[in-house]
Amino acid sequence: MEVFLGIPAADGIGIGTAFVIPEAVKRAIPQHHINIDQINRGWTRFENAVQTVTVNLSEQLDSLSRTDQRDKAQREIFETYVLMLEDPVFKEEVRDFYKKELFNIEYTVQFKAEEYASKLRQSGNDYLAERAQDITDIFGRVLDEMLDIHPFDINSVPDGSVILATSLSSSDTIVLSKRKIAGLALTEGGVSSHVVILARNYGIPTVVGLEAITSKVRNGETVIIDGKAAELLVSPARSTIEEYKQKIREEYLRKQSLKAFLNKPAITKDGILFKLYANIGTPEEAEMALAEGADGIGLFRTEFLYMAQSGASMNAAARSFSEQTQFEAYKTVLQTMGDKPVTIRTLDAGGDKLINSVDIPVFDEKNPLMGLRAVRLCLECPNVFKTQLRALYRASVYGNLKIMFPLITSVEQVKQCLEIVNQVQTELSNEKIPFKKDTPVGIMVETAAAALISDCLVNVTDFFSLGTNDLTQYTLGVDRENSHVSSLYNEFSLAVLRLIEMTIRAGNDANIPVSVCGEMAGKSDSIMVLAGMGIRNLSMSPKHISSTKELLSHFTIAELEAISAKHLNNL
Ligand code: PEP
Ligand code: MG
């Protein structure tokens, strides 16, 4: 047996078969001229590739349900792809160009597909602009076939696998959440990276920081992953497997015992009430939040919604960015939660959370985490922002909505957002569309800038929600996604705690609610410190709600205050 040690990321034990995700191969298109006598050979290769891709698509189409609504979007995409591949007019154009210019077939296909896509993009028609992405996608598949590149399809991972990969995208993790995955062993990714946050939400045991793990373990080997101990055990002995099976049973029993807290309020030993909310990324997770006894949704990360819609292909995200799709999703969550509050955060795309939308240009940024992320991106693309706000306000009549802006750094920025909120409200009123005008609008405090001016921000916001993941990252200058600096990522750093303290004080003085929705809100050691500092609203992975109730029940507020005082006094 071999044991690899990494960094603990998501608790839990998984026993399964190793599945190594291969590194992505980049498509490089050769460009050269050909002789007339090579034309036919090239053209046959193109036609064969088109046929193979069409057959693959038809097989994928057959595997999708005709009745299940969740498969509907994917079906429509594949059907459009097949029509595009069969389009005789486009094929004729490619052929004419090929014969006239005598470029190699790969370059010809790439050139003509790009030319076609850019015409559609510039058409000024939303529907046609969305088709541009389809053209790029489908002829990309044809090119991959001709170049013998076989991109890895995350859907092909078998159930029961422990996945070994260098890194994983958030959208792939969402796809995996719908499967029975025994664990994730990654080389890259920090403890507050979004992949890890998702893994925690979905209960997938995860270890990060496992150096070159994809070259150390072979596909098919039996492995055990222990998220808490940060261990990956390869080819364990039968007795070791039995030992870990016993640990899994114990974990299960502990979860069962926590059910006693399910319908109870979250109170300390001396009777102080806390509100425990859930962090979610898709409407379906609202059901999970309810089942775990959440007092509401404290953070709906709407960018995950679009990633989830995309499934294996990012292309669907481009299509589904419409007001109506968003409205349906928000309405579902609000209706699921009844009169419980639901805080929906406006798009926090950019940085590591890339979204492929026809409405969002691709910005070439050297340092995306410091770049056009979150509210900055929304203010740069006001139409995207407005579409989301329209969907949110339209949904507001279906429940107890709160709207929240991420990554705020100045009062001016909040005013700019509120100006767009005003425009949206005026539009909806003119269109006689009902909405709740008094929907609370708050901000995330997740930059040192916001915490330092929290006493000024209280004048332009209805509430604060502390995003401790980014607050830690930006205050300490430590990339939360980078496992090499994970040991420096310290949420208990005095610098971070002082900023949290400042924000709580400003919120209390102005009498506006302050909650925490970063990962600190779901971990027992930090919950105690936050509670001792005066936080009474915590938003976390739904899976941590019962254990948080249990934890709080063991302490009085005075005891919790003593714990946080130690940290604040740097003892
Ligand atoms: C945070 O930064 O703490 C937060 C909750 O937002 P996200 O993790 O989505 O950046
Ligand atoms: Mg954040």
Side-chain angles (χ1 to χ4, degrees), residues 9-10 169-171 173-174 189-202 208 276-282 285 289 297-308 343-355 368-378 402-409 413 442-451 454 463-482 489-493 496-497 499-500 503-504 514-523 526-527 529-530 535 537-542 544:
S169 69
S170 301
S171 48
T173 314
I174 293 171
V191 287
S192 289
S193 63
H194 288 102
V195 171
V196 169
I197 289 175
L198 285 166
R200 255 177 228 143
N201 257 20
Y202 300 132
V208 296
L276 305 186
Y277 302 101
N279 290 352
I280 62 166
T282 59
E285 286 168 53
I297 303 296
L299 170 64
F300 179 1
R301 292 182 164 97
T302 55
E303 57 283 0
F304 287 165
L305 174 69
Y306 307 118
M307 293 178 189
T343 305
I344 304 187
R345 179 174 74 181
T346 56
L347 203 61
D348 184 9
D352 64 305
K353 292 183 282 193
L354 292 178
I355 286 186
L369 280 174
M370 297 282 189
L372 271 178
R373 236 197 96 176
V375 80
R376 304 172 183 183
L377 184 68
C378 285
K402 295 178 184 200
I403 297 174
M404 177 161 79
F405 303 130
L407 212 73
I408 290 296
T409 49
Q413 209 174 28
I443 64 165
M444 288 198 67
V445 176
E446 52 182 346
T447 60
S454 49
F463 61 89
F464 285 147
S465 185
L466 279 149
T468 50
N469 308 333
D470 277 320
L471 187 64
T472 308
Q473 152 168 271
Y474 290 125
T475 304
L476 303 180
V478 174
D479 180 353
R480 61 193 265 198
E481 303 280 330
N482 183 343
Y489 183 92
N490 177 13
E491 293 157 330
F492 292 99
S493 136
V496 175
L497 294 182
L499 292 170
I500 295 176
T503 310
I504 297 173
V514 182
S515 58
V516 179
C517 65
E519 292 302 286
M520 276 182 98
K523 289 186 283 196
S526 41
I527 289 170
V529 175
L530 292 169
I535 289 289
N537 304 304
L538 297 159
S539 190
M540 61 191 75
S541 160
H544 294 154

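Counting convention: from 1, in listed order, for ligands and their atoms alike. Keep in mind that the numbers below use all heavy atoms, side chains included, and drop hydrogens, waters and symmetry copies. The chain is numbered in sequence order, starting from 1. Here the structure is a predicted model, which is why all the values come from computation and not from measurement.
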key: Atom nearest to the Mg ion (ligand 2) - D470, N, O or S atoms considered   = OD2

ask   = Taking the N/O/S atoms of E446 one by one, which is nearest to the Mg ion (ligand 2)?
value =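 The Mg ion (ligand 2) is closest to the E446 atom OE1, counting only N, O or S.
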
Are side-chain heavy atoms of [X] and [Y] found at a separation under 4.5 Å?
| X | Y | result |
| --- | --- | --- |
| V191 | E519 | no |
| E285 | N201 | yes |
| Y474 | L407 | yes |
| L276 | M540 | yes |

task = Scan side-chain atoms only and decide if T343 and Y277 contain a donor-acceptor pair under the 3.5 Å cut-off.
result =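 Side chains of T343 and Y277: no pair found under 3.5 Å.
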
inquiry  = Distance alone, cut at 3.5 Å: any donor-acceptor contact between the side chains of H194 and R480?
reply    =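 Looking only at side-chain atoms, R480 and H194 do form a donor-acceptor pair, the distance falling under 3.5 Å.
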
key: From CA spacing to verdict: salt bridge (Lys or Arg N to Asp or Glu O under 4.0 Å), D470, R373   = CA-CA 12 Å; D470 277 320; R373 236 197 96 176; 2.9 Å; yes

With a cut-off of 4.0 Å, which atoms of ligand 1 are near a heavy atom of [X]?
| X | answer |
| --- | --- |
| C517 | 5 (C) |
| D348 | 9 (O), 10 (O) |
| D470 | 1 (C), 2 (O), 3 (O), 10 (O) |
| R301 | 4 (C), 5 (C), 6 (O), 7 (P), 8 (O), 9 (O) |
| R373 | 10 (O) |
| I197 | 8 (O) |
| L299 | 5 (C) |

Taking heavy atoms and a distance under 4.0 Å, where does [X] meet ligand 1: side chain, backbone, both or neither?
| X | value |
| --- | --- |
| Q473 | neither |
| E519 | neither |
| N279 | neither |

key: Side-chain (R200) to main-chain (V195) donor-acceptor, under 3.5 angstrom   = no

So is [X] touching ligand 1 or not, going by heavy atoms under 4.0 Å?
| X | value |
| --- | --- |
| M520 | no |
| M404 | no |
| R480 | yes |

message = Give me the nearest non-hydrogen protein atom to atom 7 (P) of ligand 1 as residue plus atom name, then the distance to 0.1 Å.
response = H194 NE2, 3.4 Å

Protein heavy atom at shortest distance from atom 6 (O) of ligand 1 = R345 NH1, 2.9 Å

inquiry  = Quick one, T472 with N469, criterion side chain to side chain contact (heavy atoms under 4.5 Å, CB included). Give me CA distance, side-chain angles, the key distance, then yes/no.
reply    = CA-CA 5 Å; T472 308; N469 308 333; over 6 Å; no

request  = Output, in order, the C-alpha distance, side-chain angles, deciding distance and verdict of side chain to side chain contact (heavy atoms under 4.5 Å, CB included) for I344 and M404.
outcome  = CA-CA 6 Å; I344 304 187; M404 177 161 79; over 6 Å; no

message = With side chain to side chain contact (heavy atoms under 4.5 Å, CB included) as the criterion, how do E491 and S192 come out once you've worked through the C-alpha distance, each side chain's angles and the decisive distance to 0.1 Å?
response = CA-CA 10 Å; E491 293 157 330; S192 289; 4.0 Å; yes

